[in-house]
Asks: 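Take a look at this one; I'll ask things after.
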There are 2 protein chains.
Amino acid sequence: MSQQRHGSTPGEADGVPAFPDLPEATIARLPEYLRALHHLAETGAETVSSEGLAAAAGVNSAKLRKDLSHLGSYGTRGVGYDVALLVDQIEYILGLDKNRAVCLVGVGNLGHALAGYAGFASRGFRVVALFDADPKKVGEDINGLAVQHIDDLQRVAAEESIAIGVIATPPGTAQSVADALVAAGVTSILNFAPGVLSVPSNVDVRKVDLAIELQILSFHEHRKASLTALPGGRVPATGNSDQEAVGS
Amino acid sequence: MSQQRHGSTPGEADGVPAFPDLPEATIARLPEYLRALHHLAETGAETVSSEGLAAAAGVNSAKLRKDLSHLGSYGTRGVGYDVALLVDQIEYILGLDKNRAVCLVGVGNLGHALAGYAGFASRGFRVVALFDADPKKVGEDINGLAVQHIDDLQRVAAEESIAIGVIATPPGTAQSVADALVAAGVTSILNFAPGVLSVPSNVDVRKVDLAIELQILSFHEHRKASLTALPGGRVPATGNSDQEAVGS
DNA sequence: AGGCGCTTGTGAAGGCGTGCACAAATCGCG
DNA sequence: CGCGATTTGTGCACGCCTTCACAAGCGCCT
Ligand SMILES: NC(=O)c1ccc[n+]([C@@H]2O[C@H](COP(=O)([O-])OP(=O)(O)OC[C@H]3O[C@@H](n4cnc5c(N)ncnc54)[C@H](O)[C@@H]3O)[C@@H](O)[C@H]2O)c1
Ligand SMILES: NC(=O)c1ccc[n+]([C@@H]2O[C@H](COP(=O)([O-])OP(=O)(O)OC[C@H]3O[C@@H](n4cnc5c(N)ncnc54)[C@H](O)[C@@H]3O)[C@@H](O)[C@H]2O)c1
C-alpha cells in the first residue's frame, strides 16, 4: 500500500506546513467537533473543557482528548481549549479555509433540494455549477445558479477548478457520471446513487445511501422486537457507536 | 418467509426464532450485499461465488464470507451461494419482511424530495405519513400522501404503528421533534438535521450529515494537495474503508 | 510563594475488525 | 467410483480504535 513517512507536526518547509496523518476515525469526528465549537462560539464561550465539548459533540471525553492531541497541544491544562483557536485549527486541517468549489450532477428530486441547501455555503463549500443531461432541465435557474448540460462539465470544471463532485443521478448512470467527473479532474466524489462506483485510486468516494440507513434501523427494530418477546423484557442499549442517549 | 434454521444460537422458543448477534460492522454491510444480490437476481443468476458477490458489493471476499458465516451456513462449497435463498435470509435478518411503516417530519426542501423517493418502497419501507408544523404545508398532497400537522403525530403513529421516523426539519427544532417521535412510540430515528440528538437508550438514532461527508472529502483533498507538493509526487490511496478503486 | 483543585495529554490494556491462508466439503467428469 | 477442481467456512495474527487511569501542567487563592 502507500507508506508515506511524514515528519510529525514540527519543522517543515514553510510553504507547505506539516501535515499530521490522523486516524480515519478521528477525521470523521472532526466535523462534529467543529459544528459543536461553532455553536459554542455563538453563545460567547471563550474556552471549553474536553468534558463540555465531548458532551456537545456526543462522544466520550477521553476520545475527544485523544483526537485533539493528534492535531497538537492546543489546550491548557486546568482551563480547557480556546474555542476560537480550535476552530481555526480544525478548519485548517480539514482544508475548509480554501472555500472549495463543488459541482452537482443530476438536478432531479434530490438534486434540486441539495442545490438549494444553505448548509453548504455556511460550512465552507461553494456550489459553483449544476449539471443535468435532460435538455428540459438545462437553463433552469436554481437559487441563482443556471443548470448546465453535462457535456459542459469538462470545460466548466477546468475554469472553476472543481475538486469535489456530487452525484444525484439515477443509479444506472452514476458510473458514467463518475467517469466524466474523474475525466474532468475531480478527485473527490459524494455519491447519492445506490451502488458501487469504480474510480482510480487517487479519487476518494463517499456514499450516502438512505435505504442502507433505514435497513440498519430496521435490523435493530427486529432485534429489539425479538428480545422483548423473550423472558427478560429489558431492552439493552445498542452497540451502535453513534450518538445516542446523550444525557442532557 | 418460513422457518429458517440458524445453526448458531441454540435452544430457542419456536415462536421467536434464534437471533444471532452480529457484529455492527457486518450489519452495516448486509444492505450492500442485499442490493448486489437483487441486481444479480435480475440478471438471472442462480448462484454466486463469494468472489463475485464481494466484487459486486465492493468488499473483500474474505470479509464477505465471514459476514455471511455469521448468519449461518447458506453456501455450498465448490458452488457458491444460492442467490434467492441468501436474499431471503438477509431480508429476514434485517427485518425487511415486515414492510415497516415510516413517517417523515419536515416537508421542506429536503423532506419533499424524500417523500417522493421511490427507493423506499422498493426496499421494504412504506412511508405512511408526512408531518409539518407549517399550516401552509398541511393538507398539501405529495405523491398521493397528504401532509398532516405535527400535532397529529401521536394519534397517527398509534394507528399505523410507526416504528421509524425521519427528521428533516431545521436543526433548531430537531430535538423537539425527536422528543415528540419518542413520545409517540417511535424507536428508530433517521436524522438529517446537523447536531446531536438526545434520546432514551432504547431508541436508535442514525444521522446523515452532508456537510460532514463533504468535510471529510475536503480533508483528503487537503492531504492530497500537501503531498503532491512534497518530494514524492505520487499520491497514495486513502485509508478510507469505503469502496474505492474497484477494478471493473 | 506555596498549595490546591482542575484539566489536559498519554501510556497501557482490551476489544473489535480485517485479511490471510488453509482444511473441509462439494460437484463434475472420466 | 474416485479424483481433481473449486469454493466455502474459519483459526489466527495483526493493527486500529476505544477506554481507563493517572501523572504532569496550569491558574487561582490565600
Ligand atoms: N429523492 C430522494 O430522496 C433520494 C434519496 C436517496 C437516494 N436517492 C438517489 O439519488 C438519485 C437521484 O434521485 P432523484 O429522486 O433525484 O431522481 P430523479 O430522477 O428525480 O433525478 C435524476 C436526475 O438526474 C438526471 N440525469 C440522468 N442521467 C444523467 C446523466 N447522465 N448526467 C446528468 N444528469 C443525469 C435526470 O435528468 C434527472 O434530472 C438516485 O440515484 C436515487 O436513488 C434519492
Ligand atoms: N436541503 C438539503 O439538501 C439538506 C441537506 C442536508 C441537510 N439538510 C438538513 O435537513 C433539514 C431540512 O432542510 P430543508 O432544506 O428541507 O429545510 P426547510 O426549511 O426547507 O424545511 C424544513 C421544514 O420543516 C418544517 N418544520 C419546522 N419545524 C418543524 C416542527 N417543529 N415540526 C414539524 N415540521 C417542522 C418547516 O415547516 C419546513 O417545511 C435541515 O436541518 C437541514 O440542515 C438539508
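Computed from heavy atoms alone, side chains included, the values below leave out hydrogens, waters and symmetry copies. Residue numbers begin at 1 in each chain, while the letters A, B, ... track the order of the sequences.
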Asks: Is there a donor and acceptor pair closer than 3.5 Å between the side chain of A:Arg77 and the base of C:dT8?
Replies: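 Answer yes: a donor N or O sits under 3.5 Å from an acceptor.
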Asks: For B:Thr76 and A:Pro23, find the nucleotide of DNA chain D closest to each by heavy atoms; which residue's nucleotide sits nearer the 5' end?
Replies: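 Its nearest nucleotide lies further toward 5', so the answer is B:Thr76.
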Asks: Choosing from D:dG9, D:dA21, C:dC27, which nucleotide comes nearest the side chain of B:Ser69?
Replies: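 Comparing D:dG9, D:dA21, C:dC27 against the side chain of B:Ser69, the answer is D:dG9.
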Asks: As a test of reading the structure: which of D:dG9, C:dT10, D:dT18 is closest to the side chain of A:Arg65, going by heavy atoms?
Replies: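 Closest of the options to the side chain of A:Arg65: C:dT10.
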Asks: Can you check the B:Asp67 CG to D:dT10 C1' distance for me, whole Å?
Replies: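 Whole-Å distance recorded here is 13 Å.
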Asks: NZ of B:Lys63 versus C1' of D:dT7: gap in Å, rounded?
Replies: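 Distance, rounded to whole Å: 20 Å.
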Asks: Answer with base, sugar-phosphate or nothing: what part of the nucleic acid does A:Ser73 contact at a heavy-atom distance below 4.0 Å?
Replies: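 The answer is sugar-phosphate, as A:Ser73 gets under 4.0 Å only of primed atoms, P, OP1 or OP2.
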Asks: How many whole angstroms separate atom CZ of A:Arg29 from atom P of D:dC16?
Replies: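 The distance from CZ of A:Arg29 to P of D:dC16 comes to 15 Å, rounded to the nearest Å.
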Asks: Give the rounded distance in Å between these two atoms: CG of A:Leu86 and C1' of C:dT8.
Replies: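 Rounding to the nearest Å, CG of A:Leu86 and C1' of C:dT8 are 13 Å apart.
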Asks: Between A:Val79 and A:Ala62, which residue's closest nucleotide on DNA chain D lies nearer the 5′ terminus?
Replies: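 Counting from the 5' end, the first nearest nucleotide belongs to A:Ala62.
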Asks: Kindly say whether B:Gly52 contributes a backbone atom to a donor-acceptor pair with the side chain of B:Ser49 at under 3.5 angstrom?
Replies: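 Indeed, once roles are kept as given, a pair shorter than 3.5 Å links the two residues.
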Asks: If every non-hydrogen atom of A:Ala36 is compared with every non-hydrogen atom of A:Ala56, which pair is closest and at what distance?
Replies: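 Taking every non-hydrogen atom into account, CB-CB, 3.9 Å.
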Asks: Quick one: on DNA chain C, does A:Lys66 or A:Tyr81 contact a more 5' nucleotide (nearest heavy atom)?
Replies: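 Upstream on the strand: A:Tyr81.
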Asks: For D:dT8, take OP1 and OP2 only and decide whether either is under 4.0 Å from a side-chain N or O of B:Ser50.
Replies: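 Result: yes.
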Asks: Report the distance from atom NE2 of B:His70 to atom P of D:dG11, rounded to the nearest whole Å.
Replies: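 Going from NE2 in B:His70 over to P in D:dG11 covers 10 Å.
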Asks: When the distance from OH of B:Tyr74 to P of D:dT10 is rounded to whole Å, what number comes out?
Replies: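 Nearest whole value for this atom pair: 13 Å.
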Asks: Please state how far atom CD in A:Glu24 lies from atom P in C:dC16, giving the value in whole angstrom units.
Replies: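 To the nearest whole Å, that distance equals 22 Å.
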Asks: Measure the distance from CG on B:Asp82 to C1' on D:dT8 and round it to the nearest whole Å.
Replies: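 Atom-to-atom, B:Asp82 to D:dT8, this comes out as 15 Å.
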Asks: Under a 3.5 Å distance rule, please check whether B:Gln175 uses its side chain to pair with a backbone N or O of B:Ser198 as donor and acceptor.
Replies: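 Side chain of B:Gln175 to backbone of B:Ser198, a donor-acceptor pair under 3.5 Å: yes, one is there.
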Asks: I'd like to know if the side chain of A:Thr47 pairs up with that of A:Asp82 as donor and acceptor (distance under 3.5 Å, no hydrogens or angles considered).
Replies: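 No pair is found: no donor N or O on one side chain lies under 3.5 Å from an acceptor on the other.
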Asks: Going by distance alone, is a donor N or O of one side chain under 3.5 Å from an acceptor N or O of the other, for A:Asp204 and A:Ser188?
Replies: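 Looking only at side-chain atoms, A:Ser188 and A:Asp204 do not form any donor-acceptor pair under 3.5 Å.
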